[in-house]
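Shown next, in structure tokens, is the structure this report addresses.
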Amino acid sequence: MTEAILLVGGKGTRLRPLTVNTPKPMVPAAGVPFLTHQLARARAAGVEHIVLATSYLAEVFEPHFGDGSALGLSLEYVTEEEPLGTGGAIRNVASRLHSGPDDPVLIFNGDILTGLDIGALVATHSSSGADVSLHLTRVEDPRAFGLVPTDGTGRVTAFLEKPQTPEEIVTDQINAGAYVFRRSVIDRIPAGRPVSVERETFPELLSSGAHLQGMVDSTYWLDLGTPQAFVRGSADLVLGRAPSPAVPGRCGDRLVLPTARVAPDAKLTGGTVVGADAVVGEGARITGSALLAGAVVEPGAVITDSLIGAGARIGARAVLTGAVVGDGAHVGADNELREGVRVWCDATLPPATIRFSPDQ
């Protein structure tokens, strides 16, 4: 049996206001909480037992997923009393693992959407005899990431902080946020204090002579840490660009959940999701966006690459591009919200005093 740890304790600060009432892994992507996609992909790869390392809004997870049996999994939940970082969170759940000292334990970050071949990562770990194996991906511009160079056999040779100059960019390989640990290595992480697996655990293991193996898998990969990335990830799931067995419907240009209501002449494209009990009015045009449960889009509104929170309302003829509207907020008629605008939960923007044509 292969078991896993899912790190779902982050506050999701960069995703606010979406994460004011909901922890980041529970924000819906393609119609279901994002965590559902991760759990379903792990189960499809043969994982049976998963421990969720929770912290922020920890009380939300178990009522939704229960013991995991609906997904064919056995789920357990461990809550940090104080934030412990990635390494500390892994160590904090060690007592719930069933694996023997040399068995592999999968570890995932709860905000990464990926097409990683999980089975191949486990096989690489076993065949290489590594203490820890890391999923690596290649990016065009690695300056925002930590670099992970490897030798000709894939063995990790260093962990380099975010490069500042062209000379420091010695590889385009970055840590993609999924690992396989030898079970005994988890017990070596200090207990009871914050530990960063990226900045402390991995460098210390490397300096002590441990075998860290990298596996480059450059299939779909996206860090969902920003609203723009989250909206894109949801759309890519709907379009079928990002693989998941948990999308509640056929992949295509749009996903409308069964209890939603969409006017016959409304146009939904680009992987748009209309959540449960949401309403889209006459003549509305929505592209590459996500409407969460109970959201309302009034007639003639134009919404592009935006995320509309649960119970929010977008007024008639409003135009939103790259915007995020929090739960319960109300954007009045004829407003225009451009790239990067965020409307806080339950806020109200009055109708605009000057009307304009969305085609101008």
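No donor-acceptor pair under 3.5 Å is formed between the side chain of S128 and the backbone N or O of Q213. Without hydrogens or angle criteria, S127 side chain to T124 main chain gives a donor-acceptor distance under 3.5 Å. Not a single donor-acceptor pair under 3.5 Å links the side chain of R261 to the backbone N or O of V279. A donor-acceptor contact shorter than 3.5 Å is absent between the side chain of E48 and the backbone of T2. With S234 contributing its side chain and A29 its backbone, the two residues share no donor-acceptor pair below 3.5 Å. A side-chain donor-acceptor contact under 3.5 Å links Q173 to the backbone of V148. When atom types are taken as modelled, the side chain of T272 and the backbone of I286 share a donor-acceptor pair closer than 3.5 angstrom. Side chain of T79 to main chain of T54: no donor-acceptor pair is present (N/O by atom type, distance under 3.5 Å, no hydrogens or angles). Proximity of a side-chain donor or acceptor of S207 to a complementary backbone N or O of E204 within less than 3.5 Å is detected. With E3 contributing its side chain and S99 its backbone, the two residues share a donor-acceptor pair below 3.5 Å.
In terms of hydrophobic clustering, with Ile, Leu, Val, Met, Phe, Trp and Tyr side chains grouped at heavy-atom distances under 4.5 Å, L206 and V195 are assigned to a common cluster. Hydrophobic clustering of Ile, Leu, Val, Met, Phe, Trp and Tyr side chains at less than 4.5 Å, counting indirect connections, keeps V8 apart from L222. Cluster membership for V156 and I174, using ILVMFWY side-chain heavy atoms within less than 4.5 angstrom, is not shared. Note on L15: it clusters hydrophobically with L237, by side-chain heavy-atom contacts below 4.5 Å among ILVMFWY residues. The hydrophobic clustering, which links ILVMFWY residues whose side-chain heavy atoms are closer than 4.5 Å, places I107 and L134 together.
Within the 4.5 Å cutoff, no side-chain heavy atoms of S133 are placed close to those of M215. In this structure, the side chains of H135 and T114 come closer than 4.5 Å at one or more pairs of heavy atoms. Proximity of R254 to V256: side-chain heavy atoms (C-beta onward) are separated by under 4.5 Å at one or more points. F65 has its side chain out of reach of I50: every pair of non-hydrogen atoms, C-beta onward, lies at least 4.5 Å apart. Residues L307 and L18 form a side-chain contact, since some pair of their non-hydrogen atoms from C-beta on lies under 4.5 Å apart.
A distance of 9.0 Å separates CG of N175 from CD1 of I112, quoted to the nearest 0.5 Å. The OG atom of S244 sits 10.0 Å away from the CG atom of L39 when rounded to the nearest 0.5 Å. Between the CG atom of L224 and the NE2 atom of H37 there is a distance of 9.5 Å, given to the nearest 0.5 Å. F230 contributes atom CZ, which lies 10.0 Å from atom CG of D111 (distance to the nearest 0.5 angstrom). Annotation: the span from N92 atom CG to E82 atom CD amounts to 11.5 Å, rounded to 0.5 Å.
Looking at H64 and E62, their side chains never bring a donor and an acceptor atom within 3.5 Å of each other. Looking only at atom types and distance, the side chain of T304 has no donor-acceptor partner in the side chain of T321 under 3.5 Å away. Inspection of the E198 and T86 side chains reveals an N or O donor paired with an N or O acceptor under 3.5 Å.
Between F202 and Y179, the ring center distance clears the sub-6.0 Å criterion.
Using a cutoff of 4.0 Å between basic side-chain nitrogens and carboxylate oxygens, R182 and D102 are scored as salt-bridged. Taking the charged nitrogens against the carboxylate oxygens, E200 and R193 do have a contact shorter than 4.0 Å, which makes a salt bridge. Ion pairing between a basic and an acidic side chain is recognised when a charged N comes within 4.0 Å of a carboxylate O; D334 and R317 show such pairing.
The environment of CZ in R183 is crowded: more than 12 heavy-atom neighbours from other residues, nucleotides or ligands sit within 6.0 Å. Counting heavy-atom neighbours within 6.0 Å of E81 CD, excluding the residue itself, gives a total of 12 or less. At most 12 heavy atoms of other shown residues, nucleotides or ligands fall within 6.0 angstrom of atom CZ in R241.
Heavy atoms only, all atoms of each residue included: L84 and A89 are closest at CB-N, 3.8 Å. Contact between A329 and W344 at its shortest, heavy atoms only, is CB-O, 3.5 Å. For A318 against G332, the heavy-atom pair with the smallest separation is CB-O, 4.1 Å. The two residues N335 and L349 make their nearest non-hydrogen contact at ND2-O, 4.0 Å.
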